[in-house]
Amino acid sequence: MRWLELLAPARNAQIGRAAIDCGADAVYIAGPAFGARQAAGNSVEDIAALCRYAHRFGVRIYATVNTLLEPGEVPQAQAMVKELEAAGVDALIVQDPLVLEMSSSLVMHASTQCAIRTPEKARGLERLGFGRLVLERQLSLEQIKAITGAVNTEIEFFVHGALCVCYSGQCYLSEYLTGRSANRGACAQPCRSLYDLEDASGKVLLRNKAVLSLKDYNLLRRLEELASAGVSSFKIEGRLKGESYVRNVVKAYSEALDALINRYPEQYARASWGKVMEGFIPNVNKTFNRGYTELFLDGERGEWASLDAPKSMGEYVGKAARITREGFTLVPRYPGIRLSNGDGFALVSCSGGITGFRADVCDGFTIHCKVPSELREGTPLYRNISAAFERELEADKPIREIEVQSRVRMSDGFLCVEAVSEDGRRASVQLQPAGQPARDRERMLQTLAQQLAKRSEHYAFQTPQITADGAVPFLPVSAINGIRRELAAQLDDEPVHVHPLYAGQKDPDSAFTLTYGKGAELMRSKYCVRHELGLCPKQQKGLKPDPLYLRNAGRRLSLHFHCDVCEMTVEAVVRILTAF
């Protein structure tokens, strides 16, 4: 049996709770400092509260301590790690090996910033003592299988969300252009900027396009293949995303993971407890995305770039027509589209930028709004905010329940109620009710069954099995409810039964070291601009992989193409001055 984990992002503790309610088996969140997203820090007190809520369901909390540390920061990081350990976190997600030495009890996960994409590097990190490896995203299934077959660690892989264009942890473009280091949690996201693409002569091939911006990852239909390849943790990107995004995506993947396990119940099981009941119907097309890709999972290249949409465009809904000062008419993509007041729309302007606007009133396909100056008849329109769906997400929140089976035995005036939670915790209440036997025996048994089969806190008590010998004592409804609450309280006093995380095993003789370098090479990627534009020498014989250039705000970058390994690098343009 292999435990499968759905790992959700949380910008804050409230979003973490929402992810748990929607089916997450684990949540990753930043502490007060040293997380790879400076805008997503949280107090240790908030993380402790999230841990208490999560552990009700056996859900894990992983704290991100995944920036590279400066020498003077080590004491502060050490102190924070101790506080996170006391708060109840289950593991740390780490980039800097110095953090490995800061706790002897916390499990350490090697962050995706470690750029793990070969079996050799995976084995090296395993020897350092990491219990889990978070793999590079630009991998194929065959590469994933090779890595999982080479190590004993748990394997985590991203399945949804934004994609860095470069190999993770090896991007220095932000620092080069702005002084803000991605490896210090301050990435300025230059890959989402607009550039002109030039050839060596200065001819502009593309103007004002998001040449380095990739579509978002979506492997919702590929979970079975990933599990078969050895992946145990399926990670959703988004520590800067809002609550509605996290709710929607987590519930969609939780349902997909449940379906996978239902197909192979002897092979897989969820890594936490509790069923997600009721709630909205998820739809990942209705939440933030730049269009979707499965990237290199099949070992083949496709159209990966979102050249026109570095921001969320949403779903294509149709084209504009009959524009007036008060609004316009939408020619819908298909008649079944339903628009709502407050819907958000996006379009690509003639200059290549993204323009967004909100609808005030939608009367069928007649939209009343402040018309953006870029809107023209025939302009394709995308809905990036579905007001009706957002209202549904807020109004129809799911509930997570741990199932409890109970048994009632009555004999000689004694009542014994025993309960077992789905994770194996046990509770019991025994009493000898005072008073007379129930006048209507069957009705009393029916009332007992009905009241014991209700929800108490996060426990869903199932209809009990009742055995009664002789007379049945009369119990008021309040007394039966008190029994159920007492059983829930006893269950709460027992720790939830969970499988242990793989802790890793350090090889004291290992000479492996992690290195990070800066130089002319600012970024390396499996993504290739030449291939995206149909200019790949392997596609068209006779073409040479000569450098191309990116220009933005007067800065020039060179693109180099390494066809032998099918990779592209972004490099600084070095000017050589010769003195005469």
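Model, not experiment: these values are computed from the prediction.
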[X] to [Y] - nearest heavy-atom pair and separation:
{"X": "Cys51", "Y": "Val89", "answer": "SG-N, 3.6 Å"}
{"X": "Ala13", "Y": "Ile29", "answer": "N-CD1, 4.0 Å"}
{"X": "Arg247", "Y": "Phe280", "answer": "O-CZ, 3.5 Å"}
{"X": "Pro9", "Y": "Ile15", "answer": "O-CG2, 4.1 Å"}

Can you tell if the side chain of [X] reaches within under 4.5 Å of the side chain of [Y], non-hydrogen atoms only?
{"X": "Val284", "Y": "Asn289", "result": "no"}
{"X": "Leu487", "Y": "Tyr459", "result": "no"}
{"X": "Asp343", "Y": "Val317", "result": "no"}
{"X": "Ile47", "Y": "Val44", "result": "no"}
{"X": "Leu125", "Y": "Cys114", "result": "yes"}
{"X": "Asp21", "Y": "Tyr53", "result": "yes"}
{"X": "Leu475", "Y": "Met444", "result": "yes"}
{"X": "Gln430", "Y": "Phe414", "result": "no"}

Do you know which of Glu403, Glu255, Glu401 makes salt bridge (Lys or Arg N to Asp or Glu O under 4.0 Å) with Lys275? Glu403
Distance col, row Gln95:CD vs Thr64:OG1, nearest 0.5 angstrom, shows 11.5 Å
Just how far is it from atom OG of Ser233 to atom CG of Leu6, taken to the nearest 0.5 Å? 8.0 Å
Going by atom types alone, do [X] and [Y] pair a side-chain donor with an acceptor below 3.5 Å?
{"X": "Ser254", "Y": "Arg400", "result": "no"}
{"X": "His160", "Y": "Tyr253", "result": "yes"}
{"X": "Ser244", "Y": "Glu390", "result": "yes"}
{"X": "Gln490", "Y": "Glu494", "result": "no"}

Do other residues, nucleotides or ligands put more than 12 heavy atoms under 6.0 Å from [X] [atom1]?
{"X": "Gln432", "atom1": "CD", "result": "yes"}
{"X": "Arg426", "atom1": "CZ", "result": "no"}
{"X": "Gln405", "atom1": "CD", "result": "yes"}
{"X": "Glu457", "atom1": "CD", "result": "no"}

Between [X] (side chain) and [Y] (backbone), is there a donor-acceptor pair under 3.5 Å?
{"X": "Asp96", "Y": "Thr67", "value": "no"}
{"X": "Glu237", "Y": "Lys235", "value": "no"}
{"X": "Asn384", "Y": "Met313", "value": "no"}
{"X": "Asp440", "Y": "Ala438", "value": "no"}
{"X": "Arg425", "Y": "Leu491", "value": "yes"}
{"X": "Thr447", "Y": "Arg443", "value": "yes"}

Using the ring pair (Phe, Tyr, Trp, His ring centres under 6.0 Å) rule, pick out the option among Tyr28, Phe130, Tyr502, Tyr62 that qualifies with His109.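 Of all the options given, the one that passes is Tyr62.
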